[in-house]
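Just so it is clear, the values below take in all heavy atoms, side chains as well, and ignore hydrogens, waters and symmetry mates. In listed order, ligands and their atoms are each counted from 1.
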Amino acid sequence: MDFLQAIQPERVPAHVAIIMDGNGRWAQNRGLERAQGHIEGVKAVRRITEAACRVGVRYLTLYAFSTENWNRPQAEVNALMGLLVSCLHNEMPLFMKNGIRLRIIGDKNSFSPEVRQAMNDALRQTENNTRMDLVLALGYSARWELTEAFRQMARQVQEGKLQAEAVNADKIGEFLATSFMPDPDLLIRTGGESRVSNFLLWQIAYAEMYFSPVFWPDFTEEMFYESIVNYQNRERRFGKVPAKPAGV
Ligand code: FPP
């Protein structure tokens with residue numbers, strides 16, 4: 001089946017979020033260093049970013065480095081940091097050609113000055129692009145994000161800038177790192193695990209989940225299109241009853 005052809009353009013998810021899992025196992029299965037899996041993972045990032053742009057996804061959020069990833073062996077963390085810096089630099093032509101605005105959610109202060117500099121340069125260079133936002137979750141975890149949001153809200157209540165009664169779901173959303181975009185419509189996880197791993201816990205309340213057994217470096221454009229067709233074949237009810245109850 002040609003999944004690209006099967007996509008209904010008017011029902012493309014506005015926001016797709018991806019947990020890119022399986023780089024390490026991809027490498028280990030080939031007797032390679034885990035870092036090699038991340039290098040291949042960057043190629044998949046390029047492929048899927050272009051594919052998302054092609055079909056009209058407006059926001060693509062990639063879980064690239066979690067708060068917990070700091071606990072990996074130092075050599076792997078260093079390899080990921082090196083890759084991140086070179087990626088932000090080398091992919092600039094791709095971002096500019098496709099009108100991609102880069103965004104970063106996560107604790108930027110946890111990164112070295114060199115990495116922060118590369119992040120800030122890339123953010124600045126792409127800030128006028130409007131076709132798609134590529135949101136990299138870096139130094140990110142949902143509990144970190146929620147903790148920061150609640151702390152900031154508590155501070156504002158304390159200072160009299162926010163009334164406790166004004167706190168509702170929309171207000172909480174304004175304090176999150178993702179306040180500039182809608183919640184994900186579709187959450188994809190590659191690599192065969194069926195868990196959320198501290199990613200966008202608040203925002204995925206009504207996201208459709210799509211789990212692929214394929215390791216991230218092997219995830220192709222066609223597989224991405226397939227996930228969108230699969231999403232389009234589902235009925236999203238947001239807690240309500242079906243539009244047309246079966247058998248009526
Ligand atoms: C999960 O695979 C992937 C990561 C922890 C990092 C994802 C990073 C990339 C795709 C490269 C682009 C991002 C940067 C930061 C340059 P895993 O290592 O957990 O795989 P495993 O579950 O098989 O061990």
Starting from atom 12 (C) of ligand 1, locate the nearest protein heavy atom and write down its residue, its atom name and how far away it is, to 0.1 Å. Val42 CG2, 3.9 Å

Atoms of ligand 1, numbered as shown, that sit under 4.0 Å from any heavy atom of Asn69: 5 (C)

When Ser141 is tested against each of Thr67, Asn69, Thr147 for side chain to side chain donor-acceptor pair (under 3.5 Å), which residue passes? Thr67

Within the distance-only criterion (no hydrogens, no angle test), does the side chain of Arg30 pair as donor or acceptor with the backbone N or O of Trp26 below 3.5 angstrom? yes

Identify whether the distance between the nearest side-chain nitrogen and carboxylate oxygen of Glu68 and Arg143 falls below 4.0 Å. no

Suppose we measure from atom 4 (C) of ligand 1 to each protein heavy atom; which comes out shortest, and what is that distance? His38 CE1, 3.9 Å

For ligand 1, find out whether one of its N or O atoms is nearer than 3.5 Å to an N or O atom of Arg34. yes

Below 4.0 angstrom from a heavy atom of Leu83, which ligand 1 atoms are there? Numbered from 1 as shown, please. 16 (C)

In the protein, which heavy atom is nearest to atom 9 (C) of ligand 1, and how far is it? Asn23 ND2, 3.6 Å

Does some non-hydrogen atom of Gly22 fall short of 4.0 Å from ligand 1? yes

Nearest heavy-atom contact between Tyr140 and Leu200 is OH-N, 3.3 Å

Does ligand 1 have an atom under 4.0 Å from some heavy atom of Trp216? yes

Check each of Arg72, Arg25, Met20, Arg46 against atom 19 (O) of ligand 1 and report the one with the nearest heavy atom. Arg72

With only distance considered, is Tyr63 within less than 3.5 Å of ligand 1 through an N or O on each side? no

Sub-4.0 Å atoms of ligand 1 with respect to non-hydrogen atoms of Leu84: 16 (C)

Geometric N/O contact Gly24 with ligand 1, under 3.5 angstrom: yes

Between Asp21 and Glu193, which heavy-atom pair has the shortest distance, and what is it? OD2-CG, 3.6 Å

Out of Ala27, Ala44, Ala64, Gly41, indicate the one that has the non-hydrogen atom closest to atom 8 (C) of ligand 1. Ala64

Taking only Lys NZ, Arg NE, NH1 and NH2, and the carboxylate oxygens of Asp or Glu, determine whether Arg124 and Glu127 approach each other closer than 4.0 Å. no

Can you name the closest pair of heavy atoms from Ala44 and Phe219 and give their distance? CB-O, 4.4 Å

With sequence neighbours left out, which residue pairs that include part of residues 169-178 fulfil the side-chain hydrogen bond (donor to acceptor under 3.5 Å, both in side chains) condition? Lys171-Glu174, Thr178-Gln203

Counting both backbone and side chain atoms, is some N or O of Asp21 under 3.5 Å from an N or O of ligand 1? yes

Heavy-atom donor-acceptor pair, Gln232 side chain to Arg11 backbone, under 3.5 Å: yes

